[in-house]
Amino acid sequence: MPAVRRRHFLGVFGSLLGAAALSGALPRPGFAADGALRIGLKTLPAALNPLTVSDLVARQILGSMYESLTSVDPQGRILPGLATAWEASEDARRWRLTMRDGVTFHTGRPFTAADVKRSFEATLAGDGANFALLALSKVRGFRELRERTATELSGVTVIDDRTLEVVCDEPNSVFPFARIHIVDVEAAGKAGPDWFRRLSAGTGPYRLARSAEGIRIDVEANPGWRGGAVPFERVSFLATGIGNDGITLFNDSQVDFTFVDTDALRGVMDDPGFKRSLSNVQRMQMRVVALDPRRVKAFADLRVRRAMSLLIDRNAMAERFFRGVAAVHNGVVPPALLSNERLEPLAYDPTLARRLLEEAGYPEGRGIDPFTVTVVPEYRREFVYYVSQWNNAGIPAKLVTAPRQEFIARSRRRDYDSFLFGWTATYPDPMNFLDELFNSRSRFNPVGWSNAEFDGLVERAMAIADPDRRAEVYKDAECLVMQDLPVIPLVVPDYVALRGNVLSDNFITPFGGLNFG
């Protein structure tokens, strides 16, 4: 993990954080007591069902208990998980996977290839969207299972206890890499519909001990884990709230680890008392402002979208607001996943922005309907800058904050004029961003963008098993997105955390997960 880079605050944005609350703080390293690790998270999910997970915080906690076919190392490279080998047909429509031997569920039952098929089917049997849906959407029988006209996923065949064959209706070059939790479905079914509140049915390094959902979740070491002994006997996930609350608890030695929220970042980075406890890693994330042209007519004009992008000084934000622990991406795929030399840097040019607005028929922003930009409270200070830049050019934007759960639900329904949209990779391949966010058929498409040429390129890439050849197609597809600019890319801050010295430098993964192995 790279060392935290410190930058001098130049005063452009003013002292937006109550630095006095943090000034002089001399945090004691958070030593875990009696073999226990205490992790502070700003919120805890109301439910923790591994078969229906659809948010990052739930995924962070579930990662301690549930494994998938493959895993990733701290640098984002694919590693074997419950599958030890995978082989695709030439057109990437058929996969043969070899399962790991000698693995036992928390329930005590041996893991077999049949459990993978049952987990796929149980995941698809639930209602609503979750991280696994797109990964399974190309598997033969997906539609019938979702429509309840079948009870089995016809494209998945159990050859024997260690071998599984998966047949897809379309090429699916990244199938084994998506995170789909493998569960002892048989035990879960016997325990009833809310089984996950009291039963641990994974194969991971920890198993559920107790849960007061929304407040505290405790897990304990799995003595039968395939990876051997784990660093801590117990791990407790605690809800700390946003802003300075987690920092205060860390400073008081009440938690051993807490992420630093965006709005609190500068105060922590500027306080020398926190220097020894800081840890950071670049995010595998896309972070954009989604603009809905159905709700604001002007957003349908590319010149307006480009003007709004040109009014953001991303380099200044990275250096001054985020104190240098942030990255400026020129596209929608993190450069660590796709180094796309065909993209031009995202420029800051207020003069050109004003000219584009005039060409679009909105001189100095006149004629653009007033609209809201909605974010969760922890990003308010950052977005004060973006909205003020647009207001200065005459664009009538108003910043609005919404509670997290309300924001998530309404943004998924595209129920805002514009809003912050973030997407963290669940597997290290550009397809996780391109196909899942910008394919016209994707249910996660933040603005409903549709481009037939782009869809065709994604289909081509899906049929190419070789990652180097596939990357060239990805580059063409990303260029199409950036030419049309359906979303406005923002600066991507690193994951920054305060950690006690009981934790290693690679505890945070680039995917927002936590390394429990």
Side-chain angles (χ1 to χ4, degrees), residues 9 12-19 21-22 40-43 55-57 60 239-247 258-270 280 282-292 308-309 311-329 332 334 346 371-391 395 397-412 414-424 446-447 487-497 512:
F9 183 41
V12 171
F13 306 109
S15 179
L16 298 177
L17 181 68
L22 299 175
L41 299 172
K42 53 194 169 192
T43 60
D55 72 85
L56 179 60
V57 175
Q60 289 170 333
T240 63
I242 64 173
N244 294 344
D245 294 342
I247 300 169
T258 184
F259 284 106
V260 177
D261 284 341
T262 299
D263 274 3
L265 177 63
R266 287 167 298 135
V268 170
M269 294 290 292
D270 289 344
N280 72 303
Q282 285 195 2
R283 302 186 193 217
M284 293 281 191
Q285 188 180 78
M286 180 192 82
R287 202 161 170 271
V288 301
V289 176
L291 306 172
D292 196 333
M308 293 177 69
S309 178
L311 290 166
I312 297 174
D313 189 341
R314 294 170 178 82
N315 290 321
M317 286 296 290
E319 291 296 309
R320 299 167 184 167
F321 188 90
F322 292 111
R323 296 300 194 268
V325 286
V328 178
H329 300 171
V332 291
L346 290 167
F371 63 91
T372 59
V373 183
T374 307
V375 299
V376 292
E378 68 209 68
Y379 299 115
R380 184 185 67 82
R381 290 186 177 97
E382 176 190 356
F383 270 75
V384 164
Y385 166 71
Y386 304 137
V387 170
S388 67
Q389 287 294 92
W390 294 331
N391 288 166
I395 298 173
K398 178 182 178 182
L399 181 61
V400 174
T401 61
R404 174 169 289 274
Q405 292 306 316
E406 175 189 328
F407 174 82
I408 291 172
R410 292 187 63 184
S411 61
R412 284 178 179 163
R414 295 173 57 196
D415 199 20
Y416 293 127
D417 299 338
S418 63
F419 58 95
L420 170 64
F421 181 84
W423 184 266
T424 302
V447 293
V487 294
I488 298 177
L490 301 175
V491 175
V492 180
D494 291 359
Y495 287 115
V496 179

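In this text the structure is predicted, and so the values were computed from the model without any measurement.
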If only atom types and distance count, is the side chain of Arg283 paired as donor or acceptor with the main-chain N or O of Pro493 below 3.5 Å? yes
Criterion side chain to side chain contact (heavy atoms under 4.5 Å, CB included) on Asp292 and Val447, from CA distance to verdict: CA-CA 6 Å; Asp292 196 333; Val447 293; 5.5 Å; no
Donor-acceptor under 3.5 Å (Thr258 side chain, Ala497 main chain): no
By side-chain hydrogen bond (donor to acceptor under 3.5 Å, both in side chains) - contacts of Gln285 (at least two apart): Thr424
List for me each residue that meets salt bridge (Lys or Arg N to Asp or Glu O under 4.0 Å) alongside Arg287, sequence neighbours excluded, and say none if there are none. Glu382
Closest non-hydrogen contact found for Leu490 with Phe383 is CD1-CZ, 3.6 Å
Taken in chain and number order and not counting sequence neighbours, the residues that satisfy side chain to side chain contact (heavy atoms under 4.5 Å, CB included) with Ala239 are Leu44
Got a donor-acceptor contact below 3.5 angstrom from the Asn391 side chain to the Ala397 backbone? yes
Tell me the closest heavy-atom pair linking Val496 and Asn280, and the distance in Å. CG2-CB, 4.0 Å
Counting distance only, does the side-chain N/O of Trp390 pair as donor-acceptor with the main-chain N or O of Met308 below 3.5 Å? yes
Name the residue from Arg380, Arg381, Lys42 that meets the salt bridge (Lys or Arg N to Asp or Glu O under 4.0 Å) definition with Asp263. Arg381
So, using ring-ring contact (aromatic ring centres under 6.0 Å, His included) as the criterion, who are the partners of Phe421 when residues are at least two apart? none
Evaluate the criterion side chain to side chain contact (heavy atoms under 4.5 Å, CB included) for residue pair Phe259 and Gln60; output intermediate values, then yes/no. CA-CA 12 Å; Phe259 284 106; Gln60 289 170 333; 3.5 Å; yes
Side chains of Leu265 and Phe322, heavy atoms from C-beta outward: is any pair under 4.5 Å? yes
Could you pull out all residues at least two apart from Ser309 that satisfy side-chain hydrogen bond (donor to acceptor under 3.5 Å, both in side chains)? Arg314
Taken in chain and number order and not counting sequence neighbours, the residues that satisfy side-chain hydrogen bond (donor to acceptor under 3.5 Å, both in side chains) with Asp313 are none
